[in-house]
Amino acid sequence: MKQALVRLLEKSIQAGIEQKVLPPPVPTRIEVELTKDPGHGDYASNIAMVLAKQAKKNPREIAKILSERIEDRDGLLEKVEIAGPGFLNFFVRQAGFARLLGDVHRQGERYGSSDLGKGRRVQIEYVSANPTGPLHIGHARGAVVGDVMANILDAVGFKVFREYYINDAGNQMNNLGKSVLLRYRELLGETVEFSEGCYRGEYIRELASELRKRDGDRYIREKPEDLIPRFTEFAAGAILEGIQEDLRIFGCVFDRYFSERELYRDDGVGKLLGELEEKGFIYREEGTLWFRTTAFGDEKDRVVVRQNGDPTYFAADIAYHLNKFQRGFESVIDIWGADHHGYIPRMSAAVQALGYEKDALKVILVQLVNLLREGKPVAMSTRSGEFVTLREVVDEVGKDAARYNFLMRRSDSHLDFDLEIAKKQSNENPVYYVQYAHARICSILRIAAERGYTVPAYDRADLSLLQLPEEVDLVKAVTRFPEVLEGAARSLEPHRVTFYLNDLAGLFHSYYNKNKVISDDAALTGARLFLCRSVLTVLQNALKILGVSAPEKM
RNA sequence: GCGCCUGUAGCUCAGCUGGAUAGAGCAACGGACUUCUAAUCCGUGGGUCGAGAGUUCGAAUCCCUCCAGGCGCACCA
């Protein structure tokens, strides 16, 4: 509907230009919005005010010129009014709205999707937690934001690739192996001391005892230098398997888990740094290699190879991002914890130095989660290994509530996650509000069927009977869905889908309480069933994108 | 000290990229189940959009200056 109105406006501006009452050109962006106040019609455009400056005319005068030249061939509009400083208010005929439900009917589970992305390839990297311990609640938010963002981009026509970067090459891996070895020795009766950087979580103890069960005490005679790599290998493998399992249970499935080690194969990182040095982006100073990130606006240059010869994490990350682009992705999205925001300028600099557009890399920052129980903070300390794992949260509150809760805020704002509220099956928990709307419609359709009503086909339903204000509002909301997905994709803001769902469910609950869908009037019942079915389709499609189930009964 | 993010109703937050009288949920109060599911709905009250100046037809939104909070400022990842 919005787009149809934009086209009408384009044509009327065109006509105005041809008749020399408006100066060219036709603006590239014409805004049409849903109105808040029914007195302002259904849709409104501010285009007359936008044109006022270049046309050097009073906005109301321009509005008049435009409204006189609108050729409504399809009979969508009842009338067009000029209001306030120069708004064009469109009053859509009821039949115009009802027609839109035909799209829902025809497209079914594809309703809402579009070809905004035109099949362009996007890679989206998220979670990417080091395999040094199980995922905790902090990782969960990034996982959901990434997963849902990917679903949204997929829906609007991008070809999406989901990836998890495994940081399995740094010295933290060494610490992991060392930590397990120490616990292993402890199990065999030695007294051990944990140095700085060691991991002390309970899971380390479990890994050690697993090793002991499997291989007994035969490692006790070997040298630590020989043992640590093997212990590391074992621990990282086991932990990564656990991470993958947790993510799967949480509904996050990746196309690929990319190992950092792969970047070092055949001295890949070294060669890349050499190339960048030839191009002048890297220089040597006091025995270290520096990347000239200041050339692209970073506040200082960054080390890529330390004095001791080891490449930094940043060096590998440059290679990783080059690898992404070389695999043919036109656009790359990284999802990071907000505490890494300082890392953006250097990564952006690297991407530009590699010869790609600045816009080719986009970063979504996800703020930390405050875990609460009945309003009181739950203590978490990664160092000591006291934290609530993702698995524990999913087990306690369920996948649906957990996922929905992480999508109720903009990603870059802090989020309080209260375990007790998330668990409650009450009105404090919005996920049930939406699911309940779905279950209610299912129930209506069931009972309608029992009474001999079926949802009519689009051309058999008399949708002109849908005249109540609540019905028009519902139709409007249904038609907003594709726009919401596009907006969420454009702005990289998955929370918009959640807010939209709350609105839609609210409109339905309100309608439901006031009106009967099933009545003795067969034609009216048919029209209302058709409307219900349309709402149901949107609820299902949207919930699917969020990775939240749509129960038929509650 | 520098940089980024945040500041909107008592609380938690939206505000569609500058539009018309700033919204929702909780909490408070008052109502609605003999009905297609009350995990719902209807109503009432509640605001100096952190403060100040600026840009223009028009600002919660954009620019500048302050104030408050968070996070960064490694040859860690």
Side-chain angles (χ1 to χ4, degrees), chain A residues 31 33-37 39-40 44-46 49-50 52-53 58-60 83-87 89 128 130 132 167 169-172 197 260 286-290 299-300 302-314 316-317 337-345 365 367-368 375 408-410 412-416 418 421 424-433 435-437 439-448 450-451 480 483-484 486-488 490-491 493 495-496 498-500 502-503 505-506 508-519 525 528-529 532 553-554:
Chain A
E31 280 184 40
E33 298 185 318
L34 272 171
T35 57
K36 292 168 202 156
D37 183 342
H40 298 145
S45 179
N46 63 349
M49 275 110 80
V50 176
K53 203 171 278 175
N58 182 314
R60 286 192 68 105
F87 285 104
N89 290 340
S128 299
N130 295 346
T132 53
N167 251 201
N171 52 24
Q172 84 274 5
E260 183 183 357
E286 293 167 18
T288 70
L289 279 190
W290 294 78
E299 54 187 14
K300 54 174 283 198
R302 307 292 173 175
V303 171
V304 282
V305 177
R306 302 177 194 122
Q307 210 148 29
N308 68 9
D310 289 345
T312 59
Y313 173 85
F314 180 44
D317 224 5
D339 52 340
H340 287 62
H341 70 262
Y343 199 78
I344 294 177
L365 293 177
Q367 266 295 357
L368 302 178
M408 289 197 314
R409 301 272 178 279
R410 259 193 0 247
D412 58 0
S413 75
H414 290 273
L415 170 70
D416 291 337
D418 194 308
I421 290 177
K424 251 186 230 169
Q425 306 202 347
S426 76
N427 56 5
E428 284 173 88
N429 201 346
V431 67
Y432 297 111
Y433 186 76
Q435 289 182 323
Y436 189 46
R440 268 183 157 172
I441 296 176
C442 289
S443 172
I444 291 172
L445 295 179
R446 264 196 309 271
I447 286 166
E450 282 167 21
R451 299 190 193 166
R480 260 178 62 212
E483 295 158 21
V484 168
E486 285 192 14
R490 254 187 247 277
S491 57
E493 292 179 343
H495 75 276
R496 291 194 190 191
T498 321
F499 280 90
Y500 167 74
N502 272 307
D503 282 350
F508 179 76
H509 284 309
S510 180
Y511 175 58
Y512 177 95
N513 270 274
K514 226 177 196 173
N515 306 100
K516 282 296 218 186
V517 172
I518 302 167
S519 66
T525 302
R528 288 183 172 176
L529 284 175
C532 286
K553 279 183 184 169
M554 284 175 75

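Comparing the C1' positions of rC26(B) and rG45(B) gives a spacing of 15 Å, expressed to the nearest Å. The gap from the P atom of rU44(B) to that of rG23(B) amounts to 14 Å, rounded to the nearest Å. Between rA39(B) and rC33(B), the distance separating the two C1' atoms is 14 Å to the nearest Å. With P as the reference atom, rG50(B) and rC16(B) are 15 Å apart, rounded to whole Å.
When the nucleotides rA77(B), rC41(B), rA14(B) are ranked by their closest atom to the side chain of N167(A), rA77(B) comes out on top. Listed nucleotides rA14(B), rU35(B), rC75(B) differ in distance to R409(A); the shortest reach to its side chain belongs to rA14(B). Checking rG15(B), rU40(B), rU37(B) against the side-chain heavy atoms of Y433(A) singles out rU40(B) as nearest. Looking at the side chain of N513(A), the nearest of the listed nucleotides rC41(B), rG19(B), rC75(B) is rC41(B). Set against rU17(B), rA38(B), rA20(B), the side chain of A83(A) has rA20(B) as its closest nucleotide. Closest contact between the side chain of T312(A) and the listed nucleotides rG15(B), rC41(B), rA77(B) involves rA77(B). The nucleotide whose nearest atom lies closest to any side-chain atom of R496(A) is, among rA38(B), rA39(B), rU17(B), rU17(B). You'll find that the side chain of E31(A) is closest to rU17(B), out of rU37(B), rU17(B), rA20(B). Nearest to the side-chain atoms of S491(A) among the listed nucleotides rA77(B), rC41(B), rU17(B) stands rU17(B). For E493(A), the listed nucleotide lying nearest its side chain is rG15(B); candidates were rA20(B), rG15(B), rG70(B).
With both pairing distances under 3.5 Å, rU17(B) is matched to nothing as a Watson-Crick or G-U wobble pair. Nucleotide rA59(B) forms no Watson-Crick or G-U wobble pair with any nucleotide shown, as no partner meets the under 3.5 Å limit on both distances. Pair check for rG7(B) finds rC67(B); Watson-Crick or G-U wobble, both atom distances under 3.5 Å. Partner assigned to rC41(B) is rG31(B), using Watson-Crick or G-U wobble distances below 3.5 angstrom. With a cut-off of 3.5 Å on both Watson-Crick or G-U wobble distances, the partner of rG1(B) is given as rC73(B).
Proximity of R490(A) to the phosphate of rC16(B): no side-chain N or O atom is located under 4.0 Å from OP1 or OP2. At the phosphate of rC73(B), neither OP1 nor OP2 sits under 4.0 Å from any side-chain N or O atom of Y343(A). A sub-4.0 Å separation between OP1 or OP2 of rG23(B) and a side-chain N or O of K36(A) is absent. One finds a side-chain N or O of Y436(A) lying less than 4.0 angstrom from the OP1 or OP2 phosphate oxygen of rA39(B).
Between Y512(A) and F508(A), the angle of the ring planes lies from 30° to 60°, which puts this pair in the tilted group.
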Could you encode protein contacts along nucleotides 3-11 of chain B as a string, one character per nucleotide from 5' to 3', using B for base contact, S for sugar-phosphate-only contact and - for no contact, with a heavy-atom cut-off of under 4.0 Å?
BBSS-----

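Taking syn as a glycosidic angle within 90° of 0, rU12(B) does not qualify and is anti. Glycosidic torsion of rC33(B) falls within 90° of 0, placing the base in syn.
Base engagement by N89(A) is indicated by at least one non-hydrogen atom pair under 4.0 Å involving a base atom.
Counting only N and O atoms by type, the side chains of S491(A) and R496(A) include a donor and acceptor under 3.5 Å apart.
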For nucleotides 56-64 of chain B, which of its nitrogen or oxygen atoms have a protein nitrogen or oxygen under 3.5 Å away, and what is each distance?
none

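Between R451(A) and D416(A), the one whose closest nucleotide on RNA chain B sits nearer the 5' end is D416(A). Between R446(A) and G170(A), the residue anchored nearer the 5' end of RNA chain B, judged by the nucleotide with its closest heavy atom, is R446(A).
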